[in-house]
Amino acid sequence: MKTTTSTFPRSAPRISRADLGREPFRVFFPAGVLAGLSGVALWPLHFMGLVELYPGQNHARLMAYGLFGAFIFGFLGTALPRLLSVPVLHWGQTLALLVLHLAMVASFATAHLFLGDVLFLALLGSFVTSLAVRIPKRRGAPPPGFILVALAFVCVAAGAVLAVAQHLVEMDSWWVALQRLLVYQGFVLLPILGIGPFLLPRFFGVESSQAVPESRALSPVWKRKAALALAAGMVVIVSFILEARGHPRLAHALRFVTTTSYLLLEMPFRLVARSNAPGLCLLLALAVLCAGFLTIAISPAFRVSLLHLTLVGGFAVLTFVVATRVVFGHSGQLARLHQRNAWLFLSVGLMLVGLATRMSGDFLPRILTTHYSYGAAFWIIGVLIWSVIVLPKTLRADPEP
């Protein structure tokens, strides 16, 4: 009888249907990559004449809802049931959420903004509901910083409702500005601040100060840390209101001070020397994220361009680095992250080259068209390298679940 050789070793069996419910990152991370590639590719396609409409809003929605949304849903859908000690998602629920996400991405990619906005609201509502119905059964409490995750969902829900309303009624410009800030920044920045102090210390080989024992009761320490996180989140939201009201310098200064201070308080940056490749990329991304806010506070006239430091060099690089650890950790490959991993430096480096090239187009208008396209190409190549190395591992089950 003819035998076949499996692509995966016995220690890393293929995932089962149940794994898709228990660990929805396995389908949402690839879907997020698809959304991100589609969103960035709109620029060269537009300049080549293949996409007629200016892709500003389509691109922004694809990146915020499609790329970042998929990684947020995939991570939280995997982590929260474990942290709360509640039943995991069923594979059918994960499949339904994925279908909504793919339909939304297709809508934005084809310039059907209203349909895409409605589909995102449906996706957001379905995801929140699927987890909320499990909360009464919880035996544990989430890390205190996760209160910022809840605040992020409030922000994006409000922003998504405002986005839908803009299609139906004429709205004052400050509401439009606030909607974009809540969606494009609040939806990503607040989870980074909330999840980061719990997850990111693991990049340095230390236990998080936000790790709490399994208990329904909320300890005094938990309450103090949650109060600090909530205060930081509220200041960030106030900065959004200030910017929408026409005070970008003050808003970004406030955002820089709040973000930097909270990270310094909660993150073990003193352990940089013990870091590995993902840890070093993580530190670089956090520095660029904060630098984006600081440079806009100094030169608010260039805030559209400088904001890409935060969005691309900060949010996006952080997303891919954290996703690397999640995928490797859930496929029995975690030890490999302590190796050299030059591929990760190459991938992140190309993303940052794409960022610099894209930004140069804003400062030199005569090269805007070509540099937007070159920047997109560098970023896409960097993401494809990451995808080739990381995404196949989403098909491997954890040998020690």
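Predicted, not measured: the structure shown is a model, and the values here were computed from it.
Proximity of the aromatic rings of Y374 and W379 is defined here by a centroid distance below 6.0 angstrom, and this criterion is not met. Here H101 and F73 keep their ring centres 6.0 angstrom or further from each other. Ring centroids of F71 and F28 are separated by 6.0 Å or more, keeping the two rings apart.
Using a 4.5 Å cut-off on side-chain heavy atoms (C-beta onward), R134 and L84 make no contact. Proximity of V27 to T394: side-chain heavy atoms (C-beta onward) are nowhere separated by under 4.5 Å. Annotation: side chain of H46 is not in contact with side chain of L42 (no heavy-atom distance under 4.5 Å).
F198 and P143 get closest at one heavy-atom pair: CD1-CG, 3.5 Å. Minimum heavy-atom separation, G292 to T295: O-OG1, 3.0 Å. Residues G69 and F187 approach most closely at CA-CE2, 3.7 Å, considering heavy atoms. Closest non-hydrogen pair, L350 versus G382, comes out as CB-CA, 3.8 Å. Annotation for P81 and V88: closest pair CB-CA, 4.0 Å, computed over non-hydrogen atoms.
Rounded to the nearest 0.5 Å, atoms CG (L76) and CD1 (I195) are 4.5 Å apart. Of the inter-residue distances, the one linking L67 atom CG with Y65 atom OH reads 14.0 Å to the nearest 0.5 angstrom. Rounded to the nearest 0.5 Å, atoms SG (C155) and CD (Q179) are 12.0 Å apart. Put simply, CG on L311 and CE on M63 are 9.0 Å apart, with the number rounded to the nearest 0.5 Å. Atom CG of L113 and atom CZ of F120 lie 14.0 Å apart (nearest 0.5 Å). Taking CG of L368 as the start and OG1 of T370 as the end, the distance is 8.0 Å to the nearest 0.5 Å.
In the displayed structure, F153 atom CZ is contacted under 6.0 Å by more than 12 heavy atoms of other residues, nucleotides or ligands. Counting non-hydrogen atoms of neighbouring residues, nucleotides and ligands closer than 6.0 angstrom, the CZ atom of F345 exceeds 12 such neighbours. Few gaps surround CD on Q339; more than 12 heavy atoms of other groups in view lie less than 6.0 Å from it.
Using bins of under 30°, 30° to 60° and over 60° for the plane-to-plane angle, the ring pair F293/H252 lands in the tilted bin.
Side-chain contact of Y184 with R61: a donor-acceptor pair under 3.5 Å is present, judged by distance alone.
Between the side chain of R358 and the backbone N or O of A376 there is no donor-acceptor pair closer than 3.5 Å. Judged purely by atom type and a 3.5 angstrom limit, R26 uses its side chain to pair as donor or acceptor with the backbone of R396. The backbone N or O of T357 lies less than 3.5 Å from a partner atom in the side chain of S360, making a donor-acceptor pair.
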Evaluation steps, side chain to side chain contact (heavy atoms under 4.5 Å, CB included), between L352 and L284: CA-CA 10 Å; L352 295 179; L284 176 62; 3.5 Å; yes

